[in-house]
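In this text, all values refer to a predicted model and were calculated from it rather than measured experimentally.
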Amino acid sequence: MVGWRVGLSVVAVSLTASGAETPPAPPLPPVVEAPPAPYCEGEYADSYSALSPKARAFEQAMQKKYTYCVRSTAVYECLSYGAEGNVRRTRTPVSSHGTAFAYRQQAGETLLLTNEHVVDWPDVTSDAHPVDGVPSGCKRVKDGLSIVENEADQYDRDDIPLSTAVVDPQLDLAVIKSKTPLTVMPWKVGRSAAVRERDVVDVRGFPLGVFNATNMGKVISAYDRDEYKDWYHDDFVIDALLSQGNSGSPVLAISCKTGEFELVGVYHAGYSRGSALNVVVGIDQARDLMTHLRRTPKRAQEGTTPLDALARARVAKRAEVSATPFFPFGSRTAAVFPRADGTLLFALYEQDFPRRVHPLLVMEDLPVPSADEGFGRVGRVWFGGERGLLERPRTEQDAELQQQLARLLDALRRDATLAFSYQDSLPGSDESRQTFDTSARLGKTLERTIVAHRDLSDAAAELADRFAPGATEPATRTESVLKNPPPPGIHLGLTDEPGGPSPSAPPRDTGARQPAKSPQGKTARTPSGR
């Protein structure tokens with residue numbers, strides 16, 4: 001309006017000077033305050049036009065950036081056997097690159113935020129926790145963390161060493177620290193709960209670990225629940241073109257109130273089958289981690305119940321009335337069989353079950369006198385092969401083996417309880433949205449449990465290889481162990497059994513038995529740092 005008024009004045013003066021009749025100027029419209037721009041109706045803008053000139057100039061003028069390329073290294077030791085049976089130790093170094101950004105200086109240190117999967121390596125490699133180029137079963141013996149120029153930087157004298165302050169596997173976030181002063185992010189921490197679809201975002205990081213880059217995009221989904229493997233948090237999804245190495249990058253939105261950037265999340269993964277479907281950990285969940293260096297409380301497993309007398313009664317009832325008392329245990333199949341004397345027998349089968357039906361292991365879970373004493377107590381254990389089962393008494397078990405068997409039985413109890421709950425939820429899962437969601441949550445929990453117990457399943461198979469009956473040892477038929485109670489007077493190796501011998505020297509079971517007296521989505525996410 002100012003420019004239009006000035007132009008009109010100039011024209012009027014010129015016409016007057018030439019003697020021409022001057023037409024009357026049209027009346028000016030009333031001054032009305034303009035409505036807010038359509039790209040800034042919420043808390044964050046959906047156009048870069050909302051970025052203030054001051055903020056834009058500040059970012060362009062910054063000589064030292066507040067994002068850094070982080071190199072994480074580790075060395076794994078793998079054991080193998082040579083041709084002569086001697087043990088060989090092979091060490092394999094590995095490294096990966098990601099992004100971290102500095103957000104605070106305190107007590108002479110600079111704190112940086114990044115992803116947990118950028119800085120952390122598994123203690124032992126496995127199918128559930130693989131490391132590229134390292135076989136399963138190798139142990140981490142060394143690790144390191146530092147800031148480098150980029151992934152090709154081989155001059156280590158100017159690298160900045162880092163240490164870990166706290167990691168949160170559920171959020172896939174980690175706070176790391178440097179004793180060297182670093183440039184801190186100048187923007188305030190925003191609110192990820194206020195992010196909406198179509199909001200613009202700015203992502204600063206090191207794609208492929210090659211160079212410092214800025215990627216732009218938009219929010220395409222404001223909410224996405226992330227329960228992949230150990231992750232348990234809320235994400236939002238953006239379409240910025242991001243790459244491996246961007247893990248840990250700050251995701252910034254433009255405040256409609258100030259026109260400045262605000263931190264709303266940390267990029268951490270992408271859908272493996274999608275194009276530019278990248279997920280961001282909402283910053284609201286990270287405030288306690290960033291401020292007080294406290295990780296979120298570990299979540300309870302959905303659908304699991306305490307291992308108490310009630311849980312035992314449910315498992316026993318389910319096993320008694322079901323013709324298929326089977327449940328998954330790691331990469332193998334397990335089953336539970338009730339016995340007339342109240343004992344539960346957990347059996348673990350080989351991977352090719354049911355082609356071969358002989359159990360690798362049978363564990364006796366004895367009832368307890370009082371409900372306050374929990375689920376049950378460990379009884380006898382049999383190891384099996386094609387010839388049958390052979391009991392290994394307590395006198396043949398060292399302390400390490402007994403602890404291993406106790407952990408194994410506890411995991412079998414938990415997996416049976418969870419699997420039976422999931423199986424029982426299936427028939428009525430389509431009755432309502434609530435029953436459907438409950439069944440789906442149980443199924444996801446079961447899948448995570450299966451992956452988590454692969455190592456225990458493999459360890460049980462190794463024990464069976466060691467302790468199964470040899471060619472000259474007596475073997476017991478599987479049916480006599482699973483179906484019949486022990487005859488009167490047979491000692492079960494329990495310290496508080498009335499009239500029983502000392503637990504240091506229990507008698508060997510003869511194998512004699514008496515007849516019983518009564519009748520398993522979403523496309524997988526891929527962490528972007530490795």
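Looking at heavy atoms from C-beta onward, Leu405 lies in side-chain contact with Gln397 at the 4.5 angstrom threshold. A 4.5 Å side-chain heavy-atom check between Pro359 and Leu389 finds at least one atom pair inside the cut-off. Residues Val148 and Ser146 are in side-chain contact: their nearest non-hydrogen atoms beyond the backbone lie under 4.5 Å apart. Contact check for Tyr81 versus Asn86: no side-chain heavy atoms found under the 4.5 Å cut-off. Between Val134 and Cys78 there is a side-chain heavy-atom pair separated by less than 4.5 Å. Residues Tyr349 and Leu360 form no side-chain contact, since every pair of their non-hydrogen atoms from C-beta on lies 4.5 Å or further apart. Asp235 has its side chain out of reach of Tyr228: every pair of non-hydrogen atoms, C-beta onward, lies at least 4.5 Å apart. Residues Val336 and Leu345 form no side-chain contact, since every pair of their non-hydrogen atoms from C-beta on lies 4.5 Å or further apart.
The two residues Thr333 and Leu348 make their nearest non-hydrogen contact at O-CD1, 3.6 Å. Between Met363 and Val381 the shortest heavy-atom distance is CG-CG2, 4.0 Å. Heavy atoms only, all atoms of each residue included: Thr73 and Trp121 are closest at O-NE1, 3.6 Å. Here the closest non-hydrogen pair linking Val279 and Tyr267 is O-CD1, 3.4 Å. Between Tyr76 and Val131, the shortest heavy-atom distance links the atoms OH-CG2, 3.9 Å. Minimum interatomic distance between Ser247 and Val118 (heavy atoms only, all atoms of both residues): CB-CG2, 3.6 Å.
Between the side chain of Arg387 and the main chain of Gly470, a donor-acceptor pair closer than 3.5 Å is present. Looking only at distances, a side-chain donor or acceptor of Thr417 sits under 3.5 Å from a matching main-chain atom of Arg413. Side-chain atoms of Ser178 come within 3.5 Å of backbone N or O of Thr180 as a donor-acceptor pair. Side chain of Thr125 to backbone of Cys138: a donor-acceptor contact under 3.5 angstrom is found. Using a distance-only test at 3.5 Å, with no hydrogens or angles considered, a donor-acceptor pair links the side chain of Arg71 to the main chain of Asp153. With hydrogens and angles disregarded, no donor-acceptor distance shorter than 3.5 Å links the side chain of Thr343 to the backbone of Arg339. Formation of a donor-acceptor pair under 3.5 Å by the Tyr422 side chain with backbone atoms of Leu446 is not found in this model. Of the possible donor and acceptor atoms, one in the side chain of Gln285 sits under 3.5 Å from a partner among the backbone N and O of Gly282. With Asp308 contributing its side chain and Ala311 its backbone, the two residues share a donor-acceptor pair below 3.5 Å.
In this structure, Glu109 CD and Leu162 CG are separated by 11.0 Å, a value rounded to the nearest 0.5 Å. Taken to the nearest 0.5 Å, the CG atom of Leu412 stands 11.5 Å off from the CG atom of Leu344. To the nearest 0.5 Å, the span separating OG1 on Thr449 from NZ on Lys444 amounts to 14.0 Å. For the atom pair Lys177 NZ and Lys179 NZ, the distance stands at 6.5 Å (nearest 0.5 Å). To the nearest 0.5 Å, the span separating OG1 on Thr110 from CD1 on Ile160 amounts to 9.0 Å. With rounding to the nearest 0.5 angstrom, the CZ atom of Phe329 is 12.0 Å from the CZ atom of Arg414.
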For this session: Walk me through it: do Val280 and Val251 pass the test side chain to side chain contact (heavy atoms under 4.5 Å, CB included)?
Result: CA-CA 8 Å; Val280 179; Val251 178; 3.8 Å; yes

For this session: For the pair Thr99 and Thr114, evaluate side chain to side chain contact (heavy atoms under 4.5 Å, CB included) and give the outcome as yes or no after the intermediate values.
Result: CA-CA 6 Å; Thr99 302; Thr114 186; 5.7 Å; no

For this session: Output, in order, the C-alpha distance, side-chain angles, deciding distance and verdict of side chain to side chain contact (heavy atoms under 4.5 Å, CB included) for Gln170 and Trp231.
Result: CA-CA 4 Å; Gln170 292 184 168; Trp231 298 340; over 6 Å; no

For this session: Report the C-alpha distance between Ser331 and Asp458 in whole Å, list the side-chain angles of each, state the deciding distance to 0.1 Å, and finish with yes or no for side chain to side chain contact (heavy atoms under 4.5 Å, CB included).
Result: CA-CA 8 Å; Ser331 56; Asp458 293 341; 3.7 Å; yes

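The distance between the ring centers of Phe206 and Tyr68 does not fall below 6.0 angstrom.
Residues Ser429 and Ser439 bring no donor and acceptor atom of their side chains to less than 3.5 Å of each other. For His268 and Asp226, the side-chain atoms include at least one donor-acceptor pair closer than 3.5 Å. For the residue pair Asp172 and His117, a side-chain donor N or O sits within less than 3.5 Å of a side-chain acceptor on the partner. For the 3.5 Å distance criterion, the side chains of Ser243 and Asn246 fail to qualify, holding no donor opposite an acceptor. A donor-acceptor contact closer than 3.5 angstrom is absent between the side chains of Thr476 and Trp382. Side-chain contact of Thr478 with His358: a donor-acceptor pair under 3.5 Å is absent, judged by distance alone.
The residues Asp352 and Arg355 are annotated as salt-bridged, a charged nitrogen and a carboxylate oxygen being separated by less than 4.0 angstrom. Under the 4.0 Å criterion applied to side-chain N and carboxylate O atoms, Arg332 and Glu350 are assigned as salt-bridge partners. A salt bridge links Glu364 with Arg380: the closest approach of a Lys/Arg side-chain nitrogen to an acidic carboxylate oxygen falls below 4.0 angstrom. One finds a salt bridge joining Asp365 and Arg312 here, because a Lys/Arg side-chain nitrogen approaches an Asp/Glu carboxylate oxygen to under 4.0 Å. The residues Arg392 and Glu473 are annotated as salt-bridged, a charged nitrogen and a carboxylate oxygen being separated by less than 4.0 angstrom. With respect to Asp230 and Arg448, no salt bridge is recorded, no charged nitrogen being found less than 4.0 Å from a carboxylate O.
Ring geometry, Phe326 versus Phe337: the interplanar angle exceeds 60°, so the pair is classed perpendicular (tilted spans 30 to 60°).
A cation-pi arrangement, defined by a distance under 6.0 Å to the six-membered ring centre and an angle within 45 degrees of its axis, is present between Arg318 and Phe420. Annotation: cation-pi geometry satisfied between Arg225 and Tyr232 (NZ/CZ under 6.0 angstrom from ring centroid, within 45° of ring axis).
Within 6.0 Å of CD in Glu149 there are 12 or fewer heavy atoms belonging to other residues, nucleotides or ligands.
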